[in-house]
2 protein chains.
Amino acid sequence: MARPTLHQVAAAAGVSIASASRALSGGVASPRTIAKVRAAARELGYFPDATARALRTGAPRRITFAVDDIGNPNYVAMLRAIEAEVGHGGPSVSVTSTGSSDQAVELVRHAATAADGIIISPIRVNDRLRRAITNSPIPVVVIGSLGEDAPVDVVHVDSAKGIGTAVAHVAALGRRNLVFLNGPLDTNPGSSRERGFYRAIRTGGLDPDRCRQVLADDFTVSAARKTAAHLFAGWQRRRAVDRPDAVIAANDLMAIGAMNAATDAGLRIPDDVMFTGVDDTEIAAVYNPSLTSVSLEAAQRGRLAAQLLLERFEEPHRAPHLVSVEPRLVVRRSTTISTAEVLAS
Amino acid sequence: MARPTLHQVAAAAGVSIASASRALSGGVASPRTIAKVRAAARELGYFPDATARALRTGAPRRITFAVDDIGNPNYVAMLRAIEAEVGHGGPSVSVTSTGSSDQAVELVRHAATAADGIIISPIRVNDRLRRAITNSPIPVVVIGSLGEDAPVDVVHVDSAKGIGTAVAHVAALGRRNLVFLNGPLDTNPGSSRERGFYRAIRTGGLDPDRCRQVLADDFTVSAARKTAAHLFAGWQRRRAVDRPDAVIAANDLMAIGAMNAATDAGLRIPDDVMFTGVDDTEIAAVYNPSLTSVSLEAAQRGRLAAQLLLERFEEPHRAPHLVSVEPRLVVRRSTTISTAEVLAS
DNA sequence: TTGTACGCGTTATCAT
DNA sequence: ATGATAACGCGTACAA
């Protein structure tokens, strides 16, 4: 019942283990031996063990990329960049979706048996996870942030600042009634983006009474659509000062959910309401209307994380690095009033 | 310069390798030993080797998921399903983007050093790849097709049939001037979908002279948009019989590129032109207007492929399985004339 | 508490 | 062409 080994194949074929190895992996061997060994291997259902083979032949390193849900386009962009960075001859990269925080902790604890290094992008970080990461026997690179001065390599982006650029952008276009459509606040993205929104309101000289945050249950299209539907109910009947005229969403998916709700409510985009997202996913570029979005440079962060990890493999002693990338506003039609319309107004 | 081993750490700390192992992985050891060993490990820049540790502790199997580009949402859906299927205790799944066919061949050849099994979804398959797969020393599951009776496990979906359901759908809605917007024909998806289109024209009793295939350079939004722009140039000025009134795209991305081109040309969707895609990616559901799409059940195919591989691990002797899933048409607004409009016409 | 010695499954070297 | 044997780096039973 146990998995057959080369030993057993050799025994069954009546040859030495060395001959068996050669016969199967294309070394020198007589046709007769090859036939016998192949027959025995087939008979026993033998497949070579990747781990043992790797150990013997000097395998490339293995790195694990741990995220909450690999279905998220943002993480896909990172994965793609990581994979490109390590290249084909280099380490293999395996993916694991952690789901809950607890699973992330378990993962980090036990990953050392399965990987030489970890790149993790946690959405919720608590003390247990922080400890698991700093105590990890193998190098960990965090994409995101881990709190102050944790002694690990970190790739960081100031998403609060990113929200700020979006707020400033719509404010410069004359919008005053801003709604920040956020997800759960007990997450890293949720809390930092909330901070960014309120800070931008203050520094931008906007009226805090006309700007507010509303929360969706999740960072998804459907949750955002539901929440935004309430927001737009009876929009036309309200006084101008009570009408949201710009929605800053915490990510692209939520922005799209909100735009769908706006369309359902008969609102024109961007004339009645402008929309911005975060992440600059591919969908933002192709959506109709195309979506202004704050790029958090997911691909670049993935690439940098991979570089950091590879460098740590080479120089284990190096002091932990904190590398930052700048958010970048990509302006598209969801915040662009066409010249004709501007002239007409 | 070489990577330090536990031996060297033990030597540097002046203890046995066993004590070093225990000191580092939390076994019983005196505080003094622990301190010495940790110091030595830090000094040397020691990290445990994942492969060796895995071999010793009885590692889970490793499977490689090989696709042309993991950025493709379709492959992401498969990956996600595979990862969910094998679960957390099970095999680890690593991802590799092959890009060209040649790289796919190399991958399959050398993957045996790095994995216990392969799930591959090739977009172009030639004889070399076919041979590499059938000769692989470790089990391979193909998502797609490999030609007749190749002795490997295959998860298949009849995409030609899928195109047929889309053609029948728009035909039933009265459309007669169909355009099939396809990608390169020297690919598996390209050739099989072309077949499906022409077959559906024949069996559906449509006039072949009013239906045609146009080719984009690639299966992407931008390529499709460019090609479709030509298609719609001067649409309004043409005779009705010369106006395309339905575009069947080879995938969702291309459908969206084409819809963008249609919008640019001032056409109304679906009234002037209907659109259908293939793959039923998330973007189809949230696009504006939402996109009718032929689901090829990517997630289910991923899940089935993982099952097939796991089963082969357990029963190496089993005859190769060919499991098929049925395409499924998901109707959305891009092919739905609202009741009001129907009454008005 | 510490050290010795063996084995995980495979490939490579060296004789024969 | 084939077989015995030594590694690859690590964990652990056993003995001290």
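Residue numbers begin at 1 in each chain, while the letters A, B, ... track the order of the sequences.
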Trainee: Let me know, please, whether T57(B) or R32(B) comes out on the 5' side of the other along DNA chain C by nearest nucleotide.
Mentor: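 On the 5' side of the pair lies R32(B).
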Trainee: Side chain of S21(B) only, please: which of dT12(D), dT2(C), dT2(D) is the nearest?
Mentor: dT12(D)
Trainee: Take the protein atom NE2 of H7(B) and the nucleotide atom C1' of dA7(D), then report the distance between them rounded to whole Å.
Mentor: 11 Å
Trainee: Among the candidates dT4(C), dT2(C), dG3(D), find the nucleotide nearest to the side-chain atoms of A18(A).
Mentor: dG3(D)
Trainee: If you count every heavy atom of other residues, nucleotides or ligands that lies below 6.0 Å from R38(B) atom CZ, does the total exceed 12?
Mentor: no
Trainee: Just the rounded figure in Å: distance from P of dG7(C) to CG of L6(B).
Mentor: 20 Å
Trainee: Out of dG9(C), dG11(D), dT11(C), which nucleotide sits closest to the side chain of R53(A)?
Mentor: dT11(C)
Trainee: Checking contacts here: which listed nucleotide (dT10(C), dT2(D), dG9(D)) is nearest the side-chain heavy atoms of L55(A)?
Mentor: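 Nearest nucleotide to the side chain: dG9(D).
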Trainee: If only side-chain N and O atoms of S30(B) are considered, is one of them under 4.0 Å from the OP1 or OP2 phosphate oxygen of dT2(C)?
Mentor: yes
Trainee: The side chain of R22(A) lies closest to which of these nucleotides: dT2(C), dT2(D), dG9(D)?
Mentor: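 That would be dT2(D).
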Trainee: Expressed as a whole number of Å, how far does the C1' atom of dT12(D) sit from that of dA16(D)?
Mentor: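 My reading of the C1' atoms in dT12(D) and dA16(D) gives 16 Å.
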Trainee: Return the 5'-most residue of the pair F47(A), G14(B) with respect to DNA chain C, ranking by each residue's nearest nucleotide.
Mentor: G14(B)
Trainee: Of all the nucleotides listed (dC10(D), dC8(D), dT4(C)), which has the minimum atom distance to the side chain of A52(B)?
Mentor: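 That would be dC10(D).
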Trainee: Would you call D69(A) and R80(B) a salt bridge, using N to O less than 4.0 angstrom?
Mentor: yes
Trainee: Considering the options T187(B), T98(B), N188(B), which one meets the side chain to side chain contact (heavy atoms under 4.5 Å, CB included) requirement together with I123(B)?
Mentor: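 That would be T187(B); it is the only one of T187(B), T98(B), N188(B) passing the side chain to side chain contact (heavy atoms under 4.5 Å, CB included) with I123(B).
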Trainee: Classify the side chain of R56(A) versus the base of dA12(C) as yes if they form a donor-acceptor pair under 3.5 Å and no if they do not.
Mentor: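 Flag unset: no donor-acceptor pair detected.
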Trainee: Using a cut-off of less than 4.0 Å, is there contact between a side-chain N or O of S19(A) and OP1 or OP2 of dT2(D)?
Mentor: no
Trainee: Starting from C1' on dC10(D), measure out to CD1 on I138(A) and report it in whole angstrom.
Mentor: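 These atoms are roughly 15 Å apart.
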Trainee: Is it the case that more than 12 heavy atoms not belonging to E43(B) sit under 6.0 Å from its CD atom?
Mentor: no
Trainee: In terms of side-chain heavy atoms of V28(A), which of dT2(D), dT2(C), dC10(D) is nearest?
Mentor: dT2(D)
Trainee: By the 4.0 Å heavy-atom rule, please label T33(A) as base, sugar-phosphate, or nothing.
Mentor: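 Here T33(A) touches the backbone only, sparing every base.
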Trainee: Quickly work out the Q8(B) CD to dG9(D) P distance and round it to whole Å.
Mentor: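 Distance check: Q8(B) CD to dG9(D) P gives 9 Å.
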Trainee: Choosing from dA5(C), dG9(C), dT11(C), which nucleotide comes nearest the side chain of I17(B)?
Mentor: dA5(C)
Trainee: CZ of R318(B): more than 12 outside heavy atoms within 6.0 angstrom?
Mentor: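 Count over threshold, so yes.
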Trainee: When the distance from CG of D49(A) to P of dG7(C) is rounded to whole Å, what number comes out?
Mentor: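 D49(A) atom CG is separated from dG7(C) atom P by 18 Å.
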Trainee: Calculate the interatomic distance between L24(A) atom CG and dA12(C) atom P; express it in whole Å.
Mentor: 13 Å
Trainee: Nearest-Å distance, CZ (R62(B)) to P (dG9(C))?
Mentor: 15 Å
Trainee: Under a 4.0 Å N-O cut-off, is there an ion pair linking D49(A) with R61(B)?
Mentor: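 Here D49(A) does not pair with R61(B) in a salt bridge, since their nearest N and O are not under 4.0 Å apart.
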